[in-house]
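The next block holds one structure in the form of structure tokens; read it before the comments.
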Amino acid sequence: MRLLIVIGLLIVSNIIMTFAWYWHLKSGNTHFPVWKLILISWSIALFEYAFAVPANHFGAAWNIKPFQLKIIQEVITLLVFTVFAITYLKQDFSWNYVYSFLFILGAVYFAFKK
């Protein structure tokens, strides 16, 4: 159950951060000056910390190793970004991305292997 709490917090954190980093890449949002993009993105990202910090804090307190927390976070980041890129940015998804993700999942397996 504790691992699910950490994963849930990391999912919310990554959804917010993905929007903070990439929202302006959508067609029609590129007209903002860079300074405004930075301020808007930073304002969005501020809320991300309300989920990322507790996820890592609780994870460490619940004996999830820092390397494991980081690897979980990276997998979640890729999954969240994939959904974001396909649905919001309207990007195509190809098989080479699937193969790349499978190798990353292999890394997760080895990170948690006793």
Side-chain angles (χ1 to χ4, degrees):
M1 185 58 156
R2 290 178 171 180
L3 181 60
L4 292 177
I5 292 169
V6 170
I7 289 171
L9 289 169
L10 288 172
I11 288 170
V12 173
S13 164
N14 275 278
I15 290 169
I16 295 168
M17 189 54 90
T18 298
F19 272 97
W21 285 356
Y22 300 107
W23 68 272
H24 57 90
L25 300 181
K26 185 173 184 175
S27 180
N29 291 341
T30 56
H31 64 281
F32 291 102
V34 172
W35 68 267
K36 194 177 276 189
L37 292 174
I38 292 168
L39 289 177
I40 293 168
S41 293
W42 185 83
S43 298
I44 296 168
L46 178 64
F47 295 103
E48 183 263 347
Y49 292 103
F51 296 94
V53 171
N56 289 305
H57 179 76
F58 293 146
W62 295 336
N63 297 317
I64 301 171
K65 295 178 176 124
F67 280 110
Q68 293 172 327
L69 284 168
K70 183 60 178 172
I71 291 168
I72 292 168
Q73 188 271 334
E74 292 301 329
V75 169
I76 291 169
T77 297
L78 288 172
L79 293 172
V80 167
F81 181 79
T82 298
V83 172
F84 179 84
I86 292 169
T87 59
Y88 183 78
L89 297 176
K90 307 294 186 210
Q91 296 292 302
D92 294 329
F93 192 77
S94 65
W95 280 104
N96 61 322
Y97 301 140
V98 173
Y99 299 136
S100 300
F101 289 171
L102 289 174
F103 280 109
I104 291 169
L105 288 176
V108 172
Y109 169 77
F110 286 111
F112 282 89
K113 187 171 172 42
K114 301 280 185 212

Worksheet entry | Reported CG-to-CG distance for the pair L10 and N56, which is rounded to 0.5 angstrom | 6.0 Å

Discussion item. Distance alone, cut at 3.5 Å: any donor-acceptor contact between the side chains of S41 and W23?
Written reply: yes

Worksheet item: Do V83 and I7 belong together in a cluster built from hydrophobic side chains that touch within less than 4.5 Å?
Response: no

Practice prompt. Kindly give the heavy-atom pair with the smallest separation between A20 and A45, and that separation in Å.
Written response: CB-N, 3.8 Å

Item to complete: Decide if atom CG of N96 counts as having more than 12 heavy atoms of other residues, nucleotides or ligands within a radius under 6.0 Å.
Response: yes

Discussion item. Quick check for you: to the nearest 0.5 Å, what is the distance between L9 atom CG and L4 atom CG?
Written reply: 11.0 Å

Fill in: Spatial distance of atom CG (L37) from atom NE2 (H31) [nearest 0.5 Å]
9.0 Å

Practice prompt. Evaluate whether atom CZ of F32 has more than 12 neighbouring non-hydrogen atoms of other residues, nucleotides or ligands under 6.0 angstrom away.
Written response: yes

Worksheet item: Any side-chain heavy atom of I44 within less than 4.5 Å of one from W21?
Response: no

Worksheet entry | side chain to side chain contact (heavy atoms under 4.5 Å, CB included) assessment of K26 paired with Y88 | CA-CA 7 Å; K26 185 173 184 175; Y88 183 78; 3.5 Å; yes

Worksheet item: Shared ILVMFWY cluster between I76 and V53, side chains joined below 4.5 angstrom?
Response: no

Fill in: Heavy-atom closest pair, residues F47 and I16
O-CD1, 4.2 Å

Worksheet item: Among the clusters formed by ILVMFWY side chains lying less than 4.5 Å apart, do L25 and I38 turn up in the same one?
Response: no

Response to the item:
Taking every heavy atom of A55 against every heavy atom of L69, the minimum-distance pair comes out as O-CD2, 4.2 Å

Practice prompt. Decide yes or no for T82 and Y97: does some side-chain heavy atom of the first lie under 4.5 Å from some side-chain heavy atom of the second?
Written response: no

Worksheet item: Where does the angle between the aromatic ring planes of F101 and F93 fall among parallel (under 30°), tilted (30 to 60°) and perpendicular (over 60°)?
Response: tilted

Fill in: Common cluster, V12/W62, ILVMFWY with side-chain heavy-atom separation under 4.5 Å
yes

Worksheet entry | Same cluster (ILVMFWY, side-chain, under 4.5 Å), L102 and L78 | yes

Worksheet item: Is the count of non-hydrogen atoms from other residues, nucleotides or ligands lying under 6.0 Å from F103 atom CZ greater than 12?
Response: no

Worksheet item: Do the non-hydrogen side-chain atoms of E74 and I104 ever get within less than 4.5 Å of each other?
Response: no

Fill in: Verdict with supporting geometry, F84 and I15, side chain to side chain contact (heavy atoms under 4.5 Å, CB included)
CA-CA 8 Å; F84 179 84; I15 290 169; over 6 Å; no

Discussion item. Using every non-hydrogen atom in the two residues, find where P54 and Y49 come nearest and quote the distance to one decimal.
Written reply: CD-O, 3.6 Å

Practice prompt. Output the distance between atom CD1 (I86) and atom CD (Q91), rounded to the nearest 0.5 Å.
Written response: 9.5 Å

Item to complete: List in chain and number order the residues that pass side-chain contact (heavy atoms from CB on, under 4.5 Å) with F112, two or more places apart in sequence or in another chain; answer none if no residue qualifies.
Response: Q68, I72, V108

